[in-house]
Amino acid sequence: MKKKRVLFLFGTRPEAIKLAPVIKELEKYPNLFDIKICVTAQHRHMLDQVLDTFDIQPDFDFNIMQPNQTLFDINIRVLRDLEQLLARQKPDLVFVQGDTTTAFVAALAAYYKKIKIAHIEAGLRTEYKYAPFPEEMNRRLLGALADFHFAPTENAKQNLLHEGVLERNILVTGNTVIDALLMALRMDYQFSPSILKQIKSGQKIILVTMHRRENFGEPLKRICQTLRLIIKRNQNVEIIYPVHPNPNVSRPVRKLLDRTERIHLIKPLDYLPFITLMKQSYLILTDSGGIQEEAAALDKPVLILREKTERPEALIAGVARLVGSDAKKIIKETEKLLKSKMEYHRMVSAVNPFGDGKAAIRIRNFLLHCLSNNIF
Ligand code: UD1
Ligand code: UDP
């Protein structure tokens, strides 16, 4: 059988985390797949942290990140660099993940070159064009561009079927983030984030992250003020907040929360210390997608700082609640979980709906099936 040229294209921290298990799985078949890795580096530092953790060495690096980059900047740079790379490399298949602008533009470029596209984490939808922005549109367009759709859940598969994707091109795999999490938990790792040493024993840790464009401005300000209120009302709580380096986030967050007692603003953590911190936390407040999925697997309750979610599975299972940026709701739900053991137990005992850690193996088997049937 002729070896197939497979190109992984990604650019940000969550894409790298969620693609790592698939890259590692396919690398076990050097006789069947010639694997190349291209990073746009839409993120720089946060991407490199993940590449180091999973020991992934890109073959190509576009290094496009600029401070405060716009969506236009990302589009233009990635498209321009990919035109040349795809013409030179002529892959048989490209892999993209999720709903970032790198993923969308990479799929568009592959389509222009008539190269087959595999989309991991396909089929997530809020059905609101601007929530999250621009991710909802990125993933709808990816759904139209992709040839193979690896859906994390049955619900995501149904979304794709409603949009007219053929069933034979969809595979429900579970989310590869659970594979990544299990890989990371297996790594020989003793280090405990130094921030934990500053927290007195017996205190409850609330872990906070926030980076979505819909939260920029007033919602972000409101959420920061709410965090101050939570701290004031609950002496046994410490907030640890790894602040996203986007200046639209870091500037206001530092202005509103720096030097606040029991609020610890820190830089983004490497993946392994971050998971350690998640495990030590009592509760997580976040607008992140990946963290919601990992929290469910680690039995940590999550309050989602968003108005809409593309992960209804978490709400249905009961592992997460949607609180948006509404101060009253955030405080009410946080204090319910701080004070009621029953409420807390109810949330953490829900079954993780996001996967069993075998997504990469399912994707590999699907590709082997395609190879033996000359599908690509
Ligand atoms: C991007 C994705 C979002 C994903 C998020 C994960 C798009 C449109 N958005 O959003 O879907 O949830 O990544 O975090 O693709 N920066 C640094 N260092 C880094 C990374 C970012 O300084 O390592 C700063 C830069 O100033 C950069 C800014 O953050 O310009 C914004 O980065 P960008 O990738 O455009 O947007 P995110 O909000 O990170
Ligand atoms: N993460 C990390 N360090 C941090 C914060 C998050 O390694 O300081 C990891 C987290 O475990 C998850 C991923 O980054 O796997 C989520 O990335 P992000 O929230 O930036 O993006 P999203 O998932 O919302 O697209």
Side-chain angles (χ1 to χ4, degrees), residues 10-21 39-54 63-75 77-78 96-106 121 124 132-139 142 175-181 183-185 193 195 207-216 220 240-251 265-279 281 284-298 300 302 304-306 309-311 354:
F10 54 99
T12 68
R13 170 174 67 188
E15 291 164 84
I17 292 171
K18 290 174 172 183
L19 283 172
V39 296
T40 63
Q42 174 181 334
H43 284 174
R44 184 72 273 169
H45 179 61
M46 296 201 300
L47 172 73
D48 293 342
Q49 285 180 322
V50 181
L51 296 176
D52 285 349
T53 301
F54 288 100
N63 198 24
I64 65 153
M65 193 190 90
Q66 291 195 333
N68 220 355
Q69 62 206 0
T70 67
L71 297 173
F72 293 86
D73 294 330
I74 305 170
N75 269 271
R77 291 203 196 99
V78 174
V96 293
Q97 196 284 333
D99 50 21
T100 67
T101 294
T102 283
F104 160 60
V105 184
E121 201 181 63
L124 274 61
F133 171 79
E135 289 80 5
E136 176 71 4
M137 191 49 68
N138 282 345
R139 57 197 174 214
L142 273 157
N175 200 305
T176 57
V177 80
I178 306 298
D179 303 33
L181 180 67
M183 269 168 80
L185 292 174
I195 183 71
L207 173 60
V208 176
T209 82
M210 202 171 11
H211 71 274
R212 305 230 85 92
R213 278 172 169 73
E214 314 87 85
N215 276 333
F216 292 177
L220 190 142
I240 303 184
Y241 180 173
V243 183
H244 194 288
N246 188 335
N248 294 301
V249 176
S250 57
R251 264 197 225 119
L265 302 182
I266 56 173
K267 293 205 166 114
L269 288 168
D270 286 357
Y271 192 48
L272 300 184
F274 187 73
I275 291 171
T276 309
L277 180 55
M278 282 179 91
K279 286 201 290 186
S281 300
I284 298 171
L285 268 60
T286 188
D287 63 6
S288 161
I291 294 172
Q292 284 177 53
E293 295 153 345
E294 291 160 347
L298 293 171
K300 298 294 170 184
V302 175
I304 307 171
L305 303 168
R306 296 166 61 170
T309 180
E310 63 282 291
R311 292 172 172 83
F354 293 115

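Atoms considered below: every heavy atom in the structure, side chains included; atoms not considered: hydrogens, waters and symmetry mates. As the structure lists them, so they are numbered: ligands from 1, and atoms in each ligand from 1.
Near I74, meaning under 4.0 Å from any of its heavy atoms, are these atoms of ligand 1: 35 (O). Interface of P134 with ligand 1, defined as ligand atoms under 4.0 Å from a residue heavy atom, comprises 8 (C). Annotation for ligand 1: atoms under 4.0 Å from non-hydrogen atoms of P247 are 26 (O). The Y271 neighbourhood of ligand 2 comprises atoms 7 (O), 11 (O), 15 (O), with distances under 4.0 Å to a heavy atom of that residue. Taking every heavy atom of P242 and a limit of under 4.0 angstrom, the matching atoms of ligand 2 come to 8 (O). Of all the atoms in ligand 1, the ones that sit under 4.0 Å from a non-hydrogen atom of H45 are 23 (O).
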R13/H211 under side-chain contact (heavy atoms from CB on, under 4.5 Å): CA gap, chis, key distance, verdict: CA-CA 12 Å; R13 170 174 67 188; H211 71 274; 5.6 Å; no
Audit row: V78, I64, side-chain contact (heavy atoms from CB on, under 4.5 Å) steps and yes/no: CA-CA 7 Å; V78 174; I64 65 153; 3.7 Å; yes
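Contacts with ligand 1 closer than 4.0 Å are made by no heavy atom of P132, backbone or side chain. Contacts with ligand 2 closer than 4.0 Å are made by side-chain heavy atoms of H211 only, the backbone lying farther away. Of all the heavy atoms of L71, the ones lying under 4.0 Å from any atom of ligand 1 belong exclusively to the side chain. Only side-chain heavy atoms of P14 come within less than 4.0 Å of ligand 1; its backbone N, CA, C and O stay farther off. Proximity of N246 to ligand 1, defined as any heavy-atom pair under 4.0 Å, is shared by backbone and side chain alike. With a 4.0 Å heavy-atom cut-off, ligand 1 is reached by no atom of N138. Under 4.0 angstrom from ligand 1, there are no non-hydrogen atoms of S288. Contacts between F274 and ligand 2 below 4.0 angstrom, taking non-hydrogen atoms only, involve the side chain exclusively.
Inclusion of D287 in the set of residues having an N or O under 3.5 Å from an N or O of ligand 2 is not warranted. Between R212 and ligand 2, at least one pair of N/O atoms sits closer than 3.5 Å. Here's the thing with V177: none of its N/O atoms is less than 3.5 angstrom from an N/O atom of ligand 2. Among the atoms of H244, some N or O lies under 3.5 angstrom from an N or O of ligand 1. When only interatomic distances are considered, the shortest N/O to N/O separation between K18 and ligand 2 does not fall below 3.5 Å. Considering backbone and side-chain N/O of D270, none are found under 3.5 Å from N/O of ligand 2. Taking any N or O of L269, backbone or side chain, at least one lies under 3.5 Å from an N or O belonging to ligand 2. The shortest N/O to N/O separation between G290 and ligand 2 falls below 3.5 Å.
Protein heavy atom nearest atom 12 (O) of ligand 1, with residue, atom name and distance: H211 NE2, 2.8 Å. In this structure, the protein non-hydrogen atom closest to atom 21 (O) of ligand 2 is P14 CG, 3.4 Å. From the protein, the heavy atom lying nearest to atom 24 (O) of ligand 2 is G289 N, 2.8 Å. Looking from atom 8 (C) of ligand 1 to the surrounding protein, the closest heavy atom is T101 OG1, 3.1 Å. S288 OG, 3.7 Å is the protein heavy atom nearest to atom 16 (C) of ligand 2. Of all protein heavy atoms, the one closest to atom 23 (O) of ligand 1 is M46 N, 2.9 Å. Nearest protein heavy-atom contact of atom 17 (O) of ligand 2 is R13 NE, 3.5 Å. Here the heavy atom of the protein found nearest to atom 7 (C) of ligand 1 is Q42 NE2, 3.4 Å. Of the protein's non-hydrogen atoms, the one nearest atom 33 (P) of ligand 1 is Q69 NE2, 3.3 Å. Ranking protein heavy atoms by distance to atom 11 (O) of ligand 2, first place goes to E294 OE1, 2.7 Å. Nearest protein heavy-atom contact of atom 39 (O) of ligand 1 is H43 NE2, 2.6 Å. Nearest non-hydrogen protein atom to atom 9 (C) of ligand 2 is I17 CD1, 3.7 Å. Ranking protein heavy atoms by distance to atom 26 (O) of ligand 1, first place goes to N68 N, 2.9 Å.
Residues V177 and F354 are not in side-chain contact: their nearest non-hydrogen atoms beyond the backbone lie 4.5 Å or more apart. Using a 4.5 Å heavy-atom cutoff, the side chains of P132 and R139 are in contact. F104 has its side chain out of reach of D99: every pair of non-hydrogen atoms, C-beta onward, lies at least 4.5 Å apart. Annotation: side chain of L298 is in contact with side chain of L185 (closest heavy-atom distance under 4.5 Å). Within the 4.5 Å cutoff, the side chain of E214 has no heavy atoms near those of the D287 side chain. By the 4.5 Å heavy-atom criterion applied to side chains, P245 and P268 are counted as neighbours.
Within the 4.0 Å heavy-atom shell around ligand 2 one finds I291. R213 counts as a contact of ligand 1, since one of its heavy atoms falls under 4.0 Å from the ligand.
A donor-acceptor contact shorter than 3.5 Å is absent between the side chain of Q97 and the backbone of K18. At distances below 3.5 Å, not a single donor-acceptor pair connects side-chain atoms of N215 with backbone N or O atoms of L220. Formation of a donor-acceptor pair under 3.5 Å by the N75 side chain with backbone atoms of F72 is not found in this model.
Going from atom CG of L124 over to atom CD of E136 covers 9.0 Å, rounded to the nearest 0.5 Å. Taken to the nearest 0.5 Å, the CE atom of M46 stands 12.0 Å off from the CG atom of D270. Distance check, rounded to the nearest 0.5 Å: CZ of R311 to CD of E121 gives 5.0 Å. Interatomic distance, CD1 of I284 versus NZ of K300, reported as 7.5 Å (0.5 Å rounding). Residue M210 holds its CE atom at 9.0 Å from CG of L285, rounded to the nearest 0.5 Å. In this structure, OG1 in T286 is found 9.0 Å from OH in Y241, a value given to the nearest 0.5 Å.
Among R212, E135, R139, the residue whose heavy atom lies closest to atom 2 (C) of ligand 1 is E135. Of the candidates M65, E15, M137, Q66, Q66 brings a heavy atom nearest to atom 30 (O) of ligand 1.
Donor-acceptor pairing under 3.5 Å is lacking for the side chains of Q69 and R77. With no hydrogens or angles considered, a side-chain donor-acceptor pair links E15 and T100 at under 3.5 Å.
Under the 4.0 Å criterion applied to side-chain N and carboxylate O atoms, R212 and E135 are assigned as salt-bridge partners.
Taking the six-membered ring for Trp and thresholds of 30 and 60 degrees, H244 and H43 have ring planes more than 60 degrees apart, a perpendicular arrangement.
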